[in-house]
Amino acid sequence: MAKKAGTRAAGRAGAGKQVRPTAHKAAGALPVVPLAGVLFLVGLCAAIVAQGIYYPFQHAWLGFGAVAAIVCVVVVDRCSARALHLPFSCLCLLGIGVFCLVSGAAHGLTLTHVAGALPWFTAFGVGVLCAQMTLDGRDAALRALGYVGFGACAFALLLLCQALPMPGTITDGRLQFSVQYANTAAALFAAFFFVQMLSADARLNRLALFSLAMLLFTQSGGMVAIFMVAMLAMLVRWLVARDYDQVLDVLLQAIFAMVGFGACLLVGISWSALTVPVAFGLYLGVRWLCGERFGSGAPAALAWGLLGAVVAAAVAVVVLVAATGRISLALGTFAERFVQMHDGWAMLMQDPILGLGPDEWQFQYRLFQTMQYNTMFVHNSYLQLWLDGGLGALACFCAFAVLGVRALFRQGRAGLAICALALLAHGFIDIDFQYGSFLMLLVFLLMAPGQPELPARAAFPAVLASAVVVCAACVCGLLAYNSIQYSKTAANQGAYGYVESVLADDALAQADPQVRASYVAALTVGGEYGRAVQAFEQWKDRIQDEAWMNAAFAYHGAGDDAGAIDTALTQIEREVGKHPGFEFARYILYCADADEAAWRRYAEAARHANEVMDGGLPADVLPRRREHEALTDEDRERFDAIRRGESGFAYEETYWTGA
C-alpha cells in the first residue's frame, strides 16, 4: 500500500505532467524548507492568526517583517555564495504601489493615499523573499504550506464548535476565519486544498478533505462555483489521462466533506468538531477498502459512478443550504456587487487613465451609488486596483499574473496554475487583494522560478534596495495611518487641539478627507460650533461625508438654523443612497422648526432617492429601505427622546455624537 500511495502522490504533484525527480521522493526525503520558505511560512501563520492582515498598520508590520527576512536571507546567501534573484514580476508589484502614489499625487496626495498604497509595497517585499527560493526549496515550502493549511483547518474547527471563541470569525453560521470575511476565507481554504491535493506527500493528500470541508463552511457561493470549475478542469485532465485513481480519491473527499458539512446543517454548526473528523474517518476507511479491492488502478466505471454521487450530494447540500435562506441572501449580495461595479465604473470615468488615488472609492461612491449599500471597497479587486492606481497599476498586476501563471505551466505545474487562476478569478467579484494573507499566498504561488529576471550582477544591489524601499513605504504608511486614527480618536473626545497639531505639522493631512472630517467632528463635540462651521465651509467640497452631519449640528448649535437645514438637505441631495442621512435631516428640520419650503425640499429629495433605488434591482432581489417623505409620529417620539438625552443615533461609520 505504501508503494501505491507514493505512486498516486507523484501523479498529483505533476497533475498529469512530468515533474522534477525530487517530487517523487518519499515524504521524509523531501528537501528541507529553505530559510526564505521558513520565514515566509512564519509570516503567513502570523497573518492567519492576525485575522488576515487588513488594516494599514498590519500591512506595515508585515512589511517590516518582510524587510527583516530579506536582509537575513541576503546575508545567508552571500555567505554561502548563492545567487540572489529579482524577477521582473517582483518589479510589477513595486510598479503597482508606485502607480498608486502617482495617482494620489495627481489628485492631491493625502495621508489616505499613502496608507492605501502600502499593501502593494508589502506584497513587493514578500515577492522578493519568495524569489530567493530554489525549485527544490519551493517544493519543500509547498509541502510545509499544506501542513499550515491543515493547522488553519484544525483551528477553524475549534472556532466552529466554539471551543476557542474569536470575535468576528463566525457570523450567521458562516466561517470567516482567517480573514473575518467569508468569501476571501473560502479562497484561502480552496488554495490550501489544491496545495495539499497536489503534494507528493501522501499524508497531505488525505488531509485535503479538511480544507474542502472548511471551504463549504464558509458558504461562499462565488468561491465554491469557481472552485468547482477549477476542479472540473483537473478531473478532465485525469480522465483524459485515464488516471482514475486520482479521480476516485478526490471524489471520495468531496462526498465525505459534503457529508460532514451537511450533517452540521441538520444538527447545528457546533457539532462540526465531531462530524468532520467522523467524515474523515469514513473517507479513510472507504479509501482503504478501494485500495485493497482495486490496487493502484481504480476502474473507470467506479470513477464515473462516484462522479454521479458527487453531483447528487451537491444537490442535497444545496437544498439544505437553501432551507436556511442563505442562497436567496447570497443571490442578493451577488447582484449588489454588479451594482457596485456599475457605480465604480461611473466613478472611474472621472479619470480612467490615472485613476482617482488609493481608497478614494470610500469617499466618492455615495455620489454615484444607485442602490443602498455601505462598503469601503468595490467588490471587484481589478476595478478597485484601476480606481486606486489607474491603467498603469492594472497593467502591472496583469503582467505579474501572466508571468507567474506562464511559469507554472512551463514547469508542468498545471494544478498550481489552475489554483492560481481560480484565486485570480475570484478577485473579479470580491475584495481579496485588500487582505495581506491572500496577497502573500498569491505572490508565493505566482513567484515560480524560471521567470525573466534582472542580471545576476544587478540582483544583489537591487534586492537590498528593495528592502530599503519597502521599509520606507512601511514607515510612511504607518505614520499616515496613525495620524488618521489618532485624529478620529481625538474627534470622539472633542480634542480639537490634537487634530489642529496634525494639520499644522503634516502637509499631507491638510488635504486628507478623514483628518478634515475629524477636525470638524472634534470642534463640534468640543462645543466650538462657530469654528466647526468655518472649517466645514472651507473644506466641504473635499471632506468625508460624515462631516456633513457634524456640520449641520454645528450650525444648529451656533444658532444658524437656516445653515443647519441647508447643510442637512444638501447632503441627502448629494448622497441619495445614504439612509442615515435622511433620518438625520428629518431630525435637524424638526429641531429647527423648519418651514414648509424646507420640508418640500426634503420631500423632493426623498422622492428622488426612492426613484433611484426603485430603478435598480427589484426589491425581491435585494431588500431596500424606502425614505419617509415627511415627518412621522414615530420620528417625533424618537427625536424628542434624543433631545431629552434618553436616546441617540447609532449610525455606522460616523463620528456624529452631538445628540
Side-chain angles (χ1 to χ4, degrees), residues 112 336 339-350 356-357 359-379 387 512-514 516-518 520-521 524 532-533 535-537 539-556 563-590 594 598-617 622-630 635 649-659:
T112 299
E336 179 186 299
V339 176
Q340 293 179 22
M341 295 175 203
H342 170 271
D343 297 343
W345 181 260
M347 183 191 303
L348 180 63
M349 288 303 99
Q350 295 178 89
L356 305 180
D359 284 352
E360 278 296 312
W361 160 267
Q362 64 173 310
F363 304 128
Q364 299 191 38
Y365 79 89
R366 295 192 186 278
L367 305 178
F368 295 87
Q369 69 182 127
T370 53
M371 290 197 67
Q372 292 169 339
Y373 55 80
N374 294 291
T375 176
M376 291 182 64
F377 301 100
V378 61
H379 279 72
L387 285 163
D512 192 273
Q514 299 188 78
R516 288 178 171 183
S518 294
V520 173
T524 303
V533 167
F536 175 75
E537 285 292 338
W539 294 331
K540 64 181 180 181
D541 292 333
R542 171 70 175 172
I543 195 168
Q544 195 172 19
D545 58 354
E546 282 78 12
W548 288 75
M549 291 185 183
N550 288 293
F553 186 81
Y555 275 108
H556 180 61
I565 292 171
D566 181 68
T567 300
L569 293 177
T570 300
Q571 183 198 30
I572 61 175
E573 289 167 345
R574 296 168 68 247
E575 303 172 355
V576 297
K578 186 174 184 180
H579 178 73
F582 285 86
E583 184 180 6
F584 180 75
R586 294 197 302 275
Y587 174 76
I588 287 293
L589 268 62
Y590 179 69
W599 281 108
R600 283 197 300 270
R601 184 179 168 190
Y602 168 83
E604 180 60 31
R607 279 194 294 271
H608 175 62
N610 289 330
E611 288 173 0
V612 171
M613 299 304 116
D614 290 341
L617 295 176
L622 190 66
R624 56 182 174 272
R625 295 167 291 193
R626 294 189 63 83
E627 308 301 347
H628 297 309
E629 297 182 10
D635 286 335
F649 291 92
Y651 297 147
E652 295 181 0
E653 300 177 7
T654 181
Y655 314 133
W656 192 83
T657 55

Checking side-chain contact (heavy atoms from CB on, under 4.5 Å) for the pair Y373/H379: CA distance, chi angles, key distance, verdict?
-> CA-CA 12 Å; Y373 55 80; H379 279 72; over 6 Å; no
Residue pair L569, W599: steps toward the side-chain contact (heavy atoms from CB on, under 4.5 Å) verdict | CA-CA 9 Å; L569 293 177; W599 281 108; over 6 Å; no
Yes or no on side-chain contact (heavy atoms from CB on, under 4.5 Å) for M613 and V576, after CA distance, side-chain angles and deciding distance?
-> CA-CA 9 Å; M613 299 304 116; V576 297; 4.2 Å; yes
List the steps and the verdict of side-chain contact (heavy atoms from CB on, under 4.5 Å) for E336 and M371.
-> CA-CA 8 Å; E336 179 186 299; M371 290 197 67; 5.5 Å; no
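Counting only heavy atoms from C-beta outward, the side chains of R625 and F582 never approach each other to under 4.5 Å. Residues Q372 and V612 are not in side-chain contact: their nearest non-hydrogen atoms beyond the backbone lie 4.5 Å or more apart. Contact check for F363 versus L356: no side-chain heavy atoms found under the 4.5 Å cut-off. Side-chain contact between Q350 and E360 is absent, with no heavy-atom pair separated by less than 4.5 Å.
Between the side chain of E583 and the backbone N or O of P580 there is no donor-acceptor pair closer than 3.5 Å. Judged by distance alone, with hydrogens and angles left aside, the side-chain atoms of E575 form no donor-acceptor pair with the main-chain N or O of R366 at under 3.5 Å.
The CD atom of Q340 sits 5.0 Å away from the OG1 atom of T375 when rounded to the nearest 0.5 Å. Distance check, rounded to the nearest 0.5 Å: CG of L348 to CD of Q364 gives 11.0 Å. To the nearest 0.5 angstrom, H608 atom NE2 is 12.0 Å from E627 atom CD. Interatomic distance, Q544 CD to W539 CH2, rounded to the nearest 0.5 Å: 13.0 Å. D359 CG to M376 CE: the interatomic distance, rounded to the nearest 0.5 Å, is 6.0 Å. Between the CG atom of L367 and the CG atom of D545 there is a distance of 8.5 Å, given to the nearest 0.5 Å.
Residues passing the side chain to side chain contact (heavy atoms under 4.5 Å, CB included) test with V533, sequence neighbours excluded: E537, A554, Y555.
Of all heavy-atom pairs spanning A552 and A564, the tightest one is O-CB, 3.2 Å. D343 and W361 make their closest contact through C-CZ3, 4.4 Å (heavy atoms, listed as atom of the first residue, atom of the second, distance). Listed here is the closest heavy atom pair of A594 and I565: CB-CD1, 3.7 Å. Residue Y602 comes nearest to R586 through the heavy atom pair OH-NH1, 2.9 Å, listed as atom of the first residue, atom of the second, then distance. The nearest pair of heavy atoms linking T567 to A551 is CG2-CB, 4.2 Å. Nearest heavy atom pair, residue R542 against residue R516, reads O-NH1, 2.9 Å.
Ring-plane geometry between F536 and W548 is classed as perpendicular, the angle between the planes exceeding 60 degrees on a 0 to 90 degree scale with a lower cut at 30.
Here the options are V520, N550, D512, the test is side-chain contact (heavy atoms from CB on, under 4.5 Å), and the partner is I543; only V520 passes.
In this structure, the ring of F584 has its center no less than 6.0 angstrom from the ring center of F553.
Contacts classified as salt bridge (Lys or Arg N to Asp or Glu O under 4.0 Å) and involving residues 600-609 (residues at least two apart or in different chains) are given here: D566-R601, E573-R601, E596-R600, E604-R607, R607-E629.
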